[in-house]
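Data first, discussion second: the structure below is written as C-alpha cells.
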Amino acid sequence: MEEKANPEEEKNIRSLNFIEEIIEEDIRKGTNEGRVHTRFPPEPNGYLHIGHAKSICLNFGLAKKYNGKTNLRFDDTNPVKEDVEYVDSIMEDVKWLGFDWEDRLFFASDYFEELYAYAVILIRKGKAYVCDMTAEEISETRGTPTRPGKESPFRSRSVEENLDLFSRMRNSEFPDGTRVLRAKIDMGSPNMHMRDPVLYRILHAHHHRTGDQWCIYPMYDFAHGQSDSIERITHSICTLEFEVHRPLYEWFIREIGIYAPRQIEFARLNVTYTVMSKRKLLELVRDGNVTGWDDPRMPTICGLRRRGFTPESIRNFANTIGVAKRDNVIDVSLLEFCIREDLNKRANRIMAVLNPVKVILDNYPDDLVEEMESVNNPEDESKGKRKMPFSKTLFIERDDFMEDPPNKFFRLAPGREVRLKAAYIIRCESVVKDAETGEIEEIHCTYDPQTKSGMPESNRKVKGTLHWVSEKHAVKAEVRLYDRLFTNENPDDAEEGKTYKDYLNPDSLRIITAMVEPAVSLAAVLDKFQFERTGYFSVDKDSTPQHLVLNRVVPLRDSWSKGEKVK
RNA sequence: UGUCCGAUGGUGUAACUGGCAACACAAAUGAUUCUGGAUCAUUAGAGUCUAGGUUCGACCCCUAGUCGGACAACCA
C-alpha cells in the first residue's frame, strides 16, 4: 500500500500530543487489540461553539489518524433541557466541519433499558439504594470539600426493598423529587463525587426521543461511562472538569463488570475577547445583545459559518492550537490568521468602496465606458480574469485621500499621482467641498491615457494603488462590519461589581452602505470575496438580488493604519 | 484548611523521554509588489514558578513550597 505523502502523514513527523502518546502506547501494548474508537458526546441543549469544534476535530482527527472510528452520541439524559432543534443543529455543524460519523449516530436514551438493568445489578450487589431524602437534605448531608458527609438513613435498606422501590419509581408510583437511586460508596471520600452520588431521579417529563416512556432518568455519571462501554469506545476524551469524575466513571464500570474504556481529559478552549459558556451565550441571545445563535459575532459554529469562516480554517485552527492539560486562552488573532490564510487562497478579489467619495476625471470622455481587466485571484491563476466597467466618474475610499497628508501617506492628495488598480494613473488637480460642512464632495483629477494597465507605457511607478468603482455601474450593498463582541480580553474575569456584560463592545456591529463592483450581484449566500485592500467578505443569508448584504469576515492586515494609531 | 490537576517568550504548543529550549501566531526590520494584502529574508523576546536534592549533565526525576484551575446540581 503506497500512499503519497499527504498532510495527514506529515503530522506524524510532528511531535505527538499527550493523547496521541497514550493511544500509541495502547496500540503498542495491544490494548483493545489496537483498536481506536472515539466519540463526540454533546448534550442537545444548545448550539455548538468553537470549543466544541476543538473536541470534534480532536475526536474525529484521532480516529482518522489511527484508522479508527468516531461515534456521534447525544447525551440526552435530561429531558427538561433538551430539544430536537439542538440535535439537528449539532448534526449540521459536525457535518459542515467536514466530519462523518457514518452509521454511528447514537443517543444515550437508546440505552435507557440497559442502564436500568445496570442499576439493578448494583442494587443486587448492595451497591445502590433508594434514598427518600429531599434534594436539600441530600445536599446538606453531602458535606463540603473539606468536611465529610453523613450517611443517609436509607442507606441500609434491604436489597429486596430497594429493588421494589426502584421498580416502583420506574412505574410512576412516586412524584418528582421524592426518591432517588444512589450509589453506596463512601460519604467520607475526599472526592465529593464518590459521596453516594445520585444515579437516577424521578422526572415526569416528556423526552424528545423516548416520549413518556420513562419517568426516571439516569444522571450524567451513570449514563456516560456505560454508554461509552456499550459502544466499545476505547478512548473517552473529555474536558478537564471531568477529571474528578473519573474515579466514579471507573467505579461504575468495575462494579457493573463491563468493558472499560479509558477516560482522558484535556483543557478546554478559551479565546480572547469572547465567552464560551453555554449559559452566557444563551444570555446574549435571550437578552438581545446579539441577533441569535448564528449572529456573526458569536463564537458558535453557526455564527462563524455565517460570518464567513470556512470549515478548513476552523480545522486548521484546531490543529494549530494543539491539545494539552494546561488552562489556555488563545489569542483571536490566531483564528483570524487561519481564516485569512484560507481565504487568501480561495476568495476572488473584488473592487468595493466602503466609504465612498467621488472622483471625477476631468479629461476623460463624458460617455466613454471601458472594460478594465483584472485577475480574480493573484494567488491562483486558475480563477481567471474578469472585466470591470470604468468611466469618468468613480468612487474611491474616502480614507484614500488627504488634503494635507503626512509623510508616508502613499495615497491620493492634491498634486499627487496614484494608480487606479487595473486602470490608469491619475493626478489630483482640485477638490470641491461642501460650503457649510467643509466635507469633500468631489475630487477632480486628470488621467494619463498612456498608463492604462497592460499597455507598454504603463510601467511608470507611483507610490500608491487604489481600488475604485465606476459610479454609474456600482451596485449598492449593505455591509456589516463586525468587531470583537467584548472590549476586554477576558470578559469572564470581571472586576468587582461588574459582569462580562459590562464589557460588551458597543461598536461590535457597524452597518454601512458600500458601492461594489457589479459582478457581486450574482453572488450566492456564503460566497466569499476579498474586497481589494479592505478585507474578506461573505454574503449573508439576509441577502437578496435586490438587496445585497455582506458580512466582513475579517479585515486585511493593515500595517499602515496600525502605525497611524500609534502616532 | 481536603482531594485532584496544572505551571516553558506577549499567546499557544514542542523539546528524540536526562544531552546546546524549537515551531506557529503576535511584534519589529528590509526586499518585493498595479492590494500599505500576499510572498521572501532577517531580528528581537523565555533559560523553563521558587528553594533544595539526585546526576558528568535536569524543562524532564525526587522533596518542600508558591501560584492558578476543577470539585459541595435530583445539570452535562
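Lettering of chains follows the sequences in order, A, B, ..., and the numbering in each one begins at 1. Only a predicted model underlies this, so the values are computations on that prediction, with no experimental measurement involved.
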- Message: Looking at A:Glu379 and B:G37, is any side-chain donor or acceptor paired with a base atom of the opposite kind under 3.5 Å?
- Response: yes
- The residue, A:Ile330 or A:Asp132, whose nearest nucleotide of RNA chain B is more 5′ is A:Ile330
- Message: For A:Tyr220 and A:His224, I'd like to know if the aromatic rings sit close, meaning centre-to-centre distance below 6.0 Å.
- Response: yes
- Task: Looking only at side-chain atoms of A:Phe410, point me to the closest of B:C75, B:G36, B:A15.
- Result: B:G36
- Item | Strand partner of B:C75, provided both Watson-Crick or wobble distances fall under 3.5 Å | none
- A:Ser15 has a side chain; which of B:A15, B:C71, B:A76 sits nearest to it? B:A15
- Spacing of A:Glu341 atom CD relative to B:U39 atom C1', expressed in whole Å: 13 Å
- Task: Would you mind telling me which residue lines up with the more 5' stretch of RNA chain B, A:Ser458 or A:Asp76, judged by nearest nucleotide?
- Result: A:Ser458
- Message: Whole angstroms only, please: what is the CG-P distance between A:Asp558 and B:A27?
- Response: 11 Å
- Message: Centre-to-centre under 6.0 Å for A:His207 and A:Phe112, is that the case here?
- Response: yes
- Rounded distance in Å between the C1' positions of B:C59 and B:G19: 13 Å
- Message: For A:Lys345, is there an ion pair with A:Glu341 - N to carboxylate O distance below 4.0 angstrom?
- Response: no
- Look at the side-chain N and O atoms of A:Arg326 and state whether any lies under 4.0 Å from the OP1 or OP2 oxygen of B:U13. yes
- Can you check whether A:Trp560 stacks with the B:G36 base, using ring centres under 5.5 Å and planes within 30°? yes
- Message: For A:Arg168, I'd like to know if atom CZ has over 12 heavy atoms of other residues, nucleotides or ligands within 6.0 Å.
- Response: yes
- Relative to the ring of A:Tyr116, is the ring of A:Tyr200 parallel (under 30°), tilted (30 to 60°) or perpendicular (over 60°)? perpendicular
- Note on the structure: Answer for the Watson-Crick or wobble partner of B:C23, both distances under 3.5 Å, is B:G12
- Would you please classify the geometry between the A:Tyr500 ring and the A:Phe486 ring as parallel, tilted or perpendicular, with 30° and 60° separating the classes? tilted
- Message: Under 3.5 Å for both donor-acceptor distances, Watson-Crick or wobble: does B:A7 have a partner, and if so which one?
- Response: B:U66
- Query: Within less than 4.0 Å of OP1 or OP2 of B:G2, is there a side-chain N or O belonging to A:Thr144?
  - Reply: no
- Message: Side chain of A:Thr465 only, heavy atoms from C-beta on: which candidate in B:G37, B:G12, B:C34 is closest?
- Response: B:C34
- Carboxylate-amine/guanidinium proximity below 4.0 Å for A:Glu397 and A:Arg533: no
- Task: State the pairing partner of B:U33; accept Watson-Crick or G-U wobble contacts with both distances under 3.5 Å, and report none otherwise.
- Result: none
- Rounded to whole Å, the CD1-P distance (A:Ile396 to B:U35) equals 16 Å
- Message: Looking at B:A76, I'd like to know if its phosphate oxygens (OP1 or OP2) sit under 4.0 Å from a side-chain N or O belonging to A:Lys81.
- Response: no
- Message: Just to be sure I understand the rule, does A:Val323 reach a base, reach only the sugar-phosphate, or reach nothing, if contact means heavy atoms closer than 4.0 Å?
- Response: sugar-phosphate
- Under 3.5 Å, is there an N or O donor on one side and an acceptor on the other linking the side chain of A:Gln530 and the base of B:U35? yes
- For B:C75, does OP1 or OP2 lie under 4.0 Å from any side-chain N or O of A:Arg201? yes
- Query: Can B:U17 be described as syn, meaning its chi torsion is within 90° of 0, or is it anti?
  - Reply: syn
- The glycosidic conformation of B:G47, counting syn as within 90° of 0 and anti otherwise, is syn
- Task: Consider the side chain of A:Asp331, meaning its heavy atoms from C-beta on, and name the nucleotide among B:C34, B:U11, B:A76 that approaches it most closely.
- Result: B:U11
- Message: Tell me the interatomic distance from A:Leu334, atom CG, to B:G10, atom C1', rounded to whole angstroms.
- Response: 14 Å
- Task: Ignoring hydrogens and angles, answer whether the base of B:A76 and the side-chain atoms of A:His245 contain a donor-acceptor pair closer than 3.5 Å.
- Result: yes
- Query: P atom, B:U8 versus B:C60: distance in rounded Å?
  - Reply: 13 Å
- A:Arg268 atom CZ: more than 12 heavy-atom contacts under 6.0 Å: no
- Using both distances under 3.5 Å as the test, list the Watson-Crick or G-U wobble partner of B:G18, or none. none
- Please measure how far the P atom in B:C16 lies from the corresponding atom in B:G52, and state the result in whole Å. 26 Å
- Query: Is the centre of the A:Phe74 ring less than 6.0 Å from the centre of the A:Phe107 ring?
  - Reply: yes
- Task: Can you tell me, in whole Å, how much space there is between the P of B:A73 and that of B:A51?
- Result: 40 Å
- Sort out the partner of B:C61 for me: Watson-Crick or G-U wobble, both distances under 3.5 Å, none otherwise. B:G53
- Message: I'd like the C1' distance from B:C67 over to B:U29, given in whole Å.
- Response: 38 Å
- Message: Between C1' on B:G36 and CE on A:Met402, what's the gap in Å once rounded to a whole number?
- Response: 14 Å
- Rounded to whole Å, CG of A:Asp75 lies from P of B:A76 at a distance of 8 Å
- Task: Could you check which of B:C74, B:A72, B:C75 has an atom nearest any side-chain atom of A:Met192?
- Result: B:A72
- Task: In whole angstrom, give the distance that lies between atom OH of A:Tyr249 and atom C1' of B:A76.
- Result: 15 Å
- Report the distance from atom CZ of A:Arg340 to atom P of B:C25, rounded to the nearest whole Å. 12 Å
- Item | C1' gap between B:A14 and B:U50, integer Å | 24 Å
- Look at A:Arg147 and B:U3 and indicate whether a side-chain polar atom (N or O) is within less than 4.0 Å of OP1 or OP2. no
- Report yes if a donor N or O on one partner sits less than 3.5 Å from an acceptor N or O on the other, where the partners are the side chain of A:Arg411 and the base of B:G36; otherwise report no. yes
- Task: Indicate whether OP1 or OP2 belonging to B:U11 is found under 4.0 Å from a side-chain N or O atom of A:Ser333.
- Result: no
